[in-house]
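Please read these numbers as outputs of a predicted model, since none were measured by experiment. We name chains A, B, ... by the order of the sequence lines, and we start the count at 1 in each one.
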2 protein chains.
Amino acid sequence: MAPATGKRPTTLTDVARLAGVSIATASKALNGRNQVRASTRERVMVAAEQLSFSPNALARGLLAGRTGTVGLLTSDMEGRFSLPILMGAEDAFGRGSVSVFLCDARGDSFREQYHVKALLGRRVDGLIVVGSRTDARPPLPGRLSVPVVYAYSPSLDDQDTSVISDNVEAGRTAVDHLLALGRSRIVHISGDRTYAAARDRAEGATAALRAARLTPVGKKVHFGSWSESWGRSAIASLLAAHPDIDGVFAGSDQIARGVLEVLREKGRAVPEDVAVVGFDNWAVLATQARPQLTSMDMQLEQLGRRAAELLFSAMEGGTHPGIEKIGCSLVIRESTAG
Amino acid sequence: MAPATGKRPTTLTDVARLAGVSIATASKALNGRNQVRASTRERVMVAAEQLSFSPNALARGLLAGRTGTVGLLTSDMEGRFSLPILMGAEDAFGRGSVSVFLCDARGDSFREQYHVKALLGRRVDGLIVVGSRTDARPPLPGRLSVPVVYAYSPSLDDQDTSVISDNVEAGRTAVDHLLALGRSRIVHISGDRTYAAARDRAEGATAALRAARLTPVGKKVHFGSWSESWGRSAIASLLAAHPDIDGVFAGSDQIARGVLEVLREKGRAVPEDVAVVGFDNWAVLATQARPQLTSMDMQLEQLGRRAAELLFSAMEGGTHPGIEKIGCSLVIRESTAG
DNA sequence: CTGAAAGCGCTTACAG
DNA sequence: CTGAAAGCGCTTACAG
């Protein structure tokens, strides 16, 4: 049925008729083929402009076998991870060519299947799959007809192409920063240990301490949950047992916010008495903390850009099996900078 | 060129050949037309299954004149508003039929134009435009060939279809809640007054107070910015001038968090001494506050559902000029519940 | 330089 | 019940 707002979209036939040429010539004129007389091209362009002609990408895609469309499949319901990745991917693909469409599977594998089918049915040229956590995930089932790049959360199949943040190195960087400030009574308070993100960051943090011939205060990493309330209760009991703590590496900015709050209440000055590093560099939390929070940034836009580059290359026939890691950067604010 | 991962997608022709029928019959069998013998249908189904045939939506769309695709154009870079709206829209369109693709214009009208062109070129059946703030926005330029629904942020053209949250009523609801708790020394601390959201909520709040023959403490609404730090400084100076404040309506959960923090520091018990209501019901902030924060919820999923319904109806030829308002709901937590 | 024709993958009257 | 044919809107060899 006809759309409410109007007139059926103009077609190349309309343009050709108005310009008084065949559709073949109109097509060539519009696509910059050079077997067209300048004046003819001009007439066609004017006609197209006048009718605000916009070529039907469906027809084009049908012919070309590629649609200039990429699907980004996410399960990140808050969009905290996937939107920056989407932006990075869009940037990498650039304006002129490829469009990225985002679908949300909400962590439901049935819905994921549905979206994959819908996207493939619409003949996207490739797929970027963004996980909601950094743990490796099963690859999309079935033999897919287009290349796939896994971002943020790698595929379990090491023949697939994956791009992730280097959480181990980030843990090391965070602790090295505290060490460089002269801190030596350092604790690592992190989130749910069932998350690879928690374990990886802890691994890096522990390695950095070990390299400095130190062990974490309390002799272990303190796993819990990704929440402010865990940050509060963890730091409270740690301070009671180890009043000499002088550095905290928190597994997330939420945890760090809880830590900062309790440090304030206990009268510990940050960063003078205790320096604090968070993780995620989530602006809403980090810049509004007292003091403002130093945090590790996963560089998600860059991750998205890289995912797009790898996908583009794969669409051209390239192969990139394995996991590529993107470095995280340290964003220094008041909580470690005085 | 051929995609790296493989074989060109199977076509109806492949299926028909394997089943030993014509493509016309294969098509009818697959689409449940009833002019097909049961055993033939069965053979075709098996063949399609075996080749994991997925019909080319481009070809279908070309024929049908509609693609079963809707574009959701957002400018909300954090996704806090647009992702819930996306989910609501997906739900409303249901599984079987329409897919929603999200594009991010990042508040840049050039990029918005680009995305609109890309979406229309791909022949979406309709467009949902989601703003980043509640202020009315200029309509998409040009005569579009598909219906458009504006969500969250209405179109300035009252002939367009818009769905928004009822911020005025929400302001009233929040204050009525405080009044019902017996509070009478109420302040409203809100965000940037250049935002319609701030002004609308303030209008509702003021009306509710007036209806109770009260004026806000300090005789005015306290506008500032959408941040915790503004919440902190605003409540601090208000408490100094008006120590008898017993209720706070904050224009956002971020502001409310700042308010709660200072109330704690000043030794005011919440909700016993001062009851606090926030706005947005942003789980990360509201559930981790001390005490947990009562907040107004804009029901964005419902807003998305309604936008999808209106768009669907418009695609069928219906018209719905004007602005439809979705009610916000009060989510009661400890900060007003004792 | 220009246009008639074939074809991308599908659906739908229309004959048989 | 089945299939040959036309056609959706476009592009691209191929003749002229």
Side-chain angles (χ1 to χ4, degrees), chain A residues 1-3 7-45 47-48 51-69 120-125 145, chain B residues 1-3 7-45 47-48 51-69 120-125 145:
Chain A
M1 76 229 51
K7 25 158 223 185
R8 125 197 107 72
T10 47
T11 72
L12 188 59
T13 308
D14 301 328
V15 175
R17 178 162 18 202
L18 182 56
V21 298
S22 72
I23 60 163
T25 300
S27 170
K28 285 170 212 155
L30 256 18
N31 291 303
R33 299 276 167 284
N34 50 8
Q35 330 105 303
V36 181
R37 202 198 312 168
S39 65
T40 308
R41 181 191 308 283
E42 185 57 26
R43 240 180 325 132
V44 174
M45 305 282 257
L51 300 172
S52 51
F53 170 68
S54 154
N56 186 330
L58 271 50
R60 262 189 180 164
L62 196 53
L63 245 354
R66 50 151 63 210
T67 54
T69 306
L120 292 180
R122 291 177 175 83
R123 292 303 185 265
V124 294
D125 298 327
S145 46
Chain B
M1 75 229 55
K7 26 159 220 186
R8 126 198 105 73
T10 45
T11 73
L12 188 59
T13 307
D14 302 327
V15 175
R17 178 162 21 202
L18 181 57
V21 297
S22 73
I23 60 163
T25 300
S27 171
K28 285 171 212 156
L30 256 19
N31 290 302
R33 299 275 168 286
N34 50 7
Q35 332 104 302
V36 181
R37 204 197 312 166
S39 63
T40 309
R41 181 190 308 281
E42 185 58 26
R43 239 178 328 130
V44 174
M45 304 282 257
L51 300 172
S52 50
F53 170 67
S54 154
N56 186 329
L58 271 49
R60 263 189 179 164
L62 196 51
L63 246 352
R66 50 151 62 209
T67 54
T69 306
L120 292 181
R122 291 178 174 85
R123 293 301 185 264
V124 295
D125 299 327
S145 47

(request) Do nucleotides 11-16 of chain D as a string where each nucleotide becomes B, S or -: B if the base has a protein heavy atom under 4.0 Å, S if just the sugar-phosphate does, - if no protein is that close. (result) BBB---

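- When rounded to the nearest whole Å, the span between CG of L30(A) and P of dC10(D) equals 9 Å.
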What pairs of donor and acceptor atoms, side-chain ones from residues 21-30 of chain A against any protein atom, are under 3.5 angstrom apart with sequence neighbours left out?
residue, atom, partner, partner atom, Å
S22(A), OG, A24(A), N, 3.4
S22(A), OG, T25(A), N, 3.2
S22(A), OG, T25(A), OG1, 3.2
S27(A), OG, N31(A), ND2, 3.4

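- L62(A) CG to R60(B) CZ: the interatomic distance, rounded to the nearest 0.5 Å, is 13.5 Å.
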(message) Determine whether N56(B) and R123(A) satisfy the following criterion, side-chain contact (heavy atoms from CB on, under 4.5 Å), listing intermediate values before the conclusion.
(response) CA-CA 7 Å; N56(B) 186 329; R123(A) 292 303 185 265; 3.7 Å; yes

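- The backbone N or O of A57(A) lies less than 3.5 Å from no partner atom in the side chain of R122(B), so there is not a single donor-acceptor pair.
- Atoms CZ (R37(B)) and C1' (dG3(D)) sit 14 Å apart, rounded to a whole Å.
- For N56(A) and dG7(D), the CG to P distance is 18 Å, given to the nearest whole Å.
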(message) Reading 5' to 3' and counting Watson-Crick or G-U wobble pairs with both distances under 3.5 Å, write the dot-bracket notation for DNA chain C, | for bases paired outside the strand.
(response) |||.||||||||.|||

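- Between the CG atom of L62(B) and the P atom of dC8(C) there is a distance of 14 Å, given to the nearest Å.
- Computed from coordinates, the L58(B) CG to dC10(C) C1' distance equals 11 Å when rounded to whole Å.
- Going from atom CG of D14(A) over to atom P of dC8(D) covers 12 Å, rounded to whole Å.
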